[in-house]
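Note that the numbering runs from 1 along the sequence shown for the chain.
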Amino acid sequence: MSWKEDLNTKLTIITGDGLEYTPFWKNAKIVVPYNVTEFNFPETKGTYVDRREPLGNKYTLELYFQGEYHLNETKEFLKSSEDKRPWQIIHPYYGLLNVQPSSLAIDNSGYNVSKITTTVTETIEKSNPVTSIIPIDK
């Protein structure tokens, strides 16, 4: 599909409590962070960077509730956001995402619009990796 066709797909957020929201959106941004450690050695110019696996992608979202009931929709969204379970987002550009928000900034300076800015991070299902001991290593 072309990016114009992608725009016909609504952004949908399913919060941890299972409620579904379809706010307007714009300015899709993504950061792809990596798990890195930097080493600096005395008397050695430069830095050694040890890069491992990618971390969860970070998405900056601009969401808009607008119209006569935008304040009520914003309050409902904020209440749903208190649920600690991950959100599922169906994004026109990025597809299905399993994420956790890190903060929400609400701007009600537009009289008929509530603008919510948030950064969400893709999350894995398990809180810790599953390990096993290889007998030969033991």
Side-chain angles (χ1 to χ4, degrees):
M1 267 196 290
S2 74
W3 70 271
K4 288 182 181 180
E5 292 172 322
D6 288 341
L7 285 177
N8 291 330
T9 304
K10 290 186 176 185
L11 179 132
T12 303
I13 298 173
I14 303 165
T15 51
D17 60 2
L19 296 179
E20 190 172 303
Y21 298 89
T22 53
F24 294 95
W25 66 278
K26 69 178 193 176
N27 296 333
K29 297 178 184 173
I30 181 174
V31 173
V32 181
Y34 291 97
N35 188 356
V36 298
T37 304
E38 294 182 359
F39 297 93
N40 295 299
F41 304 100
E43 308 300 324
T44 302
K45 187 175 180 178
T47 301
Y48 173 73
V49 178
D50 181 23
R51 186 178 101 174
R52 301 298 172 114
E53 296 300 318
L55 302 173
N57 292 340
K58 294 183 182 294
Y59 302 85
T60 301
L61 304 175
E62 269 184 44
L63 311 172
Y64 297 87
F65 291 108
Q66 61 185 13
E68 186 176 354
Y69 301 106
H70 73 95
L71 291 174
N72 292 338
E73 290 176 293
T74 300
K75 286 178 188 172
E76 290 173 13
F77 182 73
L78 292 176
K79 183 164 177 37
S80 288
S81 296
E82 291 176 4
D83 190 294
K84 293 178 179 146
R85 291 172 285 190
W87 295 358
Q88 285 193 325
I89 295 179
I90 302 166
H91 196 284
Y93 289 176
Y94 307 123
L96 180 63
L97 306 170
N98 196 36
V99 300
Q100 283 285 10
S102 57
S103 66
L104 299 171
I106 291 74
D107 179 357
N108 287 314
S109 60
Y111 293 111
N112 195 35
V113 176
S114 291
K115 174 184 173 184
I116 300 173
T117 307
T118 184
T119 298
V120 296
T121 304
E122 275 189 284
T123 182
I124 56 177
E125 295 292 322
K126 297 180 180 180
S127 62
N128 56 2
V130 176
T131 60
S132 61
I133 298 173
I134 300 171
I136 199 160
D137 289 343
K138 187 176 179 185

Student: Pairing donors with acceptors under 3.5 angstrom, does anything connect the side chains of Asn98 and Glu125?
Tutor: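 Yes, because at least one side-chain N or O of Asn98 sits under 3.5 Å from a partner of the opposite role on Glu125.
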Student: Please name the pair of heavy atoms, one in Ser114 and one in Asn108, separated by the smallest distance, quoted to 0.1 Å.
Tutor: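 For Ser114 and Asn108, the tightest heavy-atom pair comes out as OG-OD1, 2.5 Å.
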Student: Work out which heavy atom in Val120 is nearest to a heavy atom in Ile89; give both atom names and the distance.
Tutor: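 Where Val120 meets Ile89 most closely, the heavy atoms are CG2-CD1, 4.3 Å.
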Student: Can you name the nearest heavy-atom pair linking Gln66 to Phe24, along with the distance?
Tutor: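 Answer, listing the atom of Gln66 first, then Phe24: NE2-CE1, 3.3 Å.
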Student: To the nearest 0.5 Å, how far apart are OG1 in Thr15 and CH2 in Trp87?
Tutor: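 Rounded to the nearest 0.5 Å, the OG1-CH2 separation comes to 7.5 Å.
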Student: Can you name the nearest heavy-atom pair linking Gly56 to Pro33, along with the distance?
Tutor: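 Taking every non-hydrogen atom into account, O-CG, 3.3 Å.
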Student: Side chains of Thr37 and Asp50: any donor to acceptor distance under 3.5 Å?
Tutor: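 Thr37 and Asp50 do not have a side-chain donor-acceptor pair below 3.5 Å.
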Student: Assess, by modelled atom type and distance only, whether the side chains of Lys58 and Thr121 contain a donor and an acceptor separated by less than 3.5 Å.
Tutor: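 Yes, Thr121 and Lys58 have a side-chain donor paired with an acceptor closer than 3.5 Å.
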Student: How close do Gln100 and Lys84 get, heavy atom to heavy atom, and via which atoms?
Tutor: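 Reported closest heavy-atom pair: NE2-O, 2.8 Å.
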Student: To check you understand the geometry: which heavy-atom pair defines the closest contact between Arg52 and Tyr34, and what is its length?
Tutor: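 Shortest heavy-atom separation between Arg52 and Tyr34 comes out as O-CD2, 4.3 Å.
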Student: Taking the side chain as C-beta and beyond, is there a heavy-atom pair between Ile116 and Asp107 under 4.5 Å?
Tutor: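 No, every pair of side-chain atoms sits at 4.5 Å or beyond.
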Student: Are Trp25 and His91 side-chain neighbours, meaning at least one heavy-atom pair lies under 4.5 Å?
Tutor: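 Contact flag for Trp25/His91 side chains = yes.
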Student: Measure the acute angle between the ring planes of Phe65 and Tyr21, then classify it against the limits of 30° and 60° as parallel, tilted or perpendicular.
Tutor: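 The arrangement is perpendicular - the two ring planes meet at more than 60°.
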